[in-house]
Amino acid sequence: MLRSTNKRMAHSEPMRWHGDRIVILDQRRLPQERVERTLCDVGDVVDAIVTMAVRGAPLIGIVAAYGLVLAARHGRASVLEAAHMLRSARPTAVNLMRAVDRMRAIVVTASDHAIVQALEQEAHAIAQEEARANYAIGIWALQLIRPEDGVLTHCNAGALATAPYGTATAPMYIAHEQGRAVKVYATETRPVLQGARLTAYELAQAGIDVTLITDSMVGTLMAQGKVHAVIVGADRIAANGDTANKIGTYTIAVVAKAHSIPLYVAAPTSSIDARTPTGAHIPIEERDASEVTTISGTSVAPAGVHVYNPAFDITPHHLIAAIITEQGVIRAPYEDKLARL
Ligand code: MRU
């Protein structure tokens, strides 16, 4: 198992820490090109997060944490300033805020001479915790999928969003490692096409049976009996279980409910935000109109057309069959169970 994991990691590893710089796989260029980009300071890190060269809730938390190690070389005040910039780089994924807050807590207590080392240790801890959570989520989630089930996923909650197994994809990778057949349907995920460019790419690279569909085909596949479960990731889970995830998740949840197909949210506990009571309180990032008016740089809309581009939506808790974290599977009512996590 370890051998196949290492092989897959080598291909889908989204970032590496080199002590004085971060090397990322530029996810905007996939799958056509595997281009690495070096981030030397916090400005580079913020830019990579904002432009989605790195993306996915756990990964942006990890990269931000290492970004603060880079800032620490310029002193304590630089870390606090960088923390502020990083926190606001993308507003929806709570993993980003949580990672930055953990690092800030270290800055407050560490002595001047030990600050870089202490921050580096904390960044390693965050990265390792997310990696461990991936595997545990996969083991729990696998119990919810029967052999031969068709499993639909949306966006990319895969190894590219948090190595090595991803969250929503973790049961797929583990089933594959165990020699169990798994059939995955990946939505293309307009407007930025994370499903087509990233999920289809990384699962196909791993040899997993993945079929790409457009977002508008979900209802038809469900009506045809091809989909038995939906597994998605999360950018933030509110205290009542309402979940922010990539735009389109809510639509899929409604259609899944109409077909009595369970929709599972697979996310680490770092995605749970007990301080946000419901989905209505989660800030939803709005991104540039060009993401909607173009596809791969080619314009597909009339110049100057009005555009609305929320990057995430809220799936209300009553449409979620279960939330799978590294600590296990929880079902409604969520509030008390999430609070205990
Ligand atoms: O805008 P993105 O690509 O960062 O959005 C990513 C998602 O919505 C993922 O589903 C979520 O972050 C979970 S990643 C494990």
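For ligands, and for the atoms within them, numbers begin at 1 and follow the listed sequence.
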Can a side-chain donor-acceptor contact be found between [Y] and [X] if the only test is distance below 3.5 angstrom?
X: D288; Y: S290; answer: yes
X: Y173; Y: E202; answer: yes
X: N95; Y: S270; answer: yes
X: N156; Y: R55; answer: yes
X: T187; Y: H154; answer: yes

Query raised in the report: Should Y185 and M222 be marked as a side chain to side chain contact (heavy atoms under 4.5 Å, CB included) after you check the CA-CA gap, both sets of side-chain angles, and the distance that decides it?
Result: CA-CA 11 Å; Y185 294 99; M222 289 184 176; over 6 Å; no
Honestly curious: do [X] and [Y] fall in one hydrophobic cluster under the side-chain, below-4.5 Å linking rule?
X: V184; Y: V227; result: no
X: W17; Y: V54; result: yes
X: I261; Y: I213; result: yes
X: I49; Y: L160; result: no
X: I24; Y: L96; result: yes

Using a 4.0 Å cut-off to any heavy atom of [X], which atoms of ligand 1 qualify?
X: N156; value: 9 (C), 14 (S)
X: Q194; value: 1 (O), 2 (P), 3 (O)
X: P58; value: 14 (S), 15 (C)
X: G56; value: 4 (O), 12 (O)

Query - Nearest option to atom 2 (P) of ligand 1, as decided by whichever heavy atom of E130, R236, H154, R90 sits closest - result: R90
Nearest neighbour in protein (non-hydrogen) for [atom]:
atom: atom 14 (S) of ligand 1; result: A161 CB, 3.6 Å
atom: atom 10 (O) of ligand 1; result: N245 OD1, 2.7 Å
atom: atom 12 (O) of ligand 1; result: A57 N, 2.9 Å
atom: atom 7 (C) of ligand 1; result: D235 OD1, 3.3 Å
atom: atom 6 (C) of ligand 1; result: R55 NH2, 3.4 Å
atom: atom 15 (C) of ligand 1; result: T167 OG1, 3.3 Å
atom: atom 5 (O) of ligand 1; result: K246 CE, 3.3 Å

Mark the output for [X] as yes if a heavy-atom distance to ligand 1 is under 4.0 Å, and as no if none is.
X: A93; result: no
X: T249; result: no
X: A311; result: no
X: A234; result: yes

Report task. Decide yes or no on side chain to side chain contact (heavy atoms under 4.5 Å, CB included) for E129 and R102, but give the supporting numbers first. Result -> CA-CA 13 Å; E129 284 166 31; R102 273 178 67 167; 2.7 Å; yes
Query raised in the report: Considering only heavy atoms, does V192 approach ligand 1 within less than 4.0 Å through its side chain, its backbone, both, or neither?
Result: neither
Requested in this report: Could you tell me whether C155 approaches ligand 1 through its side chain, its backbone, both or neither, with non-hydrogen atoms closer than 4.0 Å?
Outcome: side chain
Query raised in the report: What about T162: any of its N or O atoms under 3.5 Å from an N or O on ligand 1?
Result: no
**Report entry** M52 N/O under 3.5 Å from ligand 1 N/O
**Finding:** no
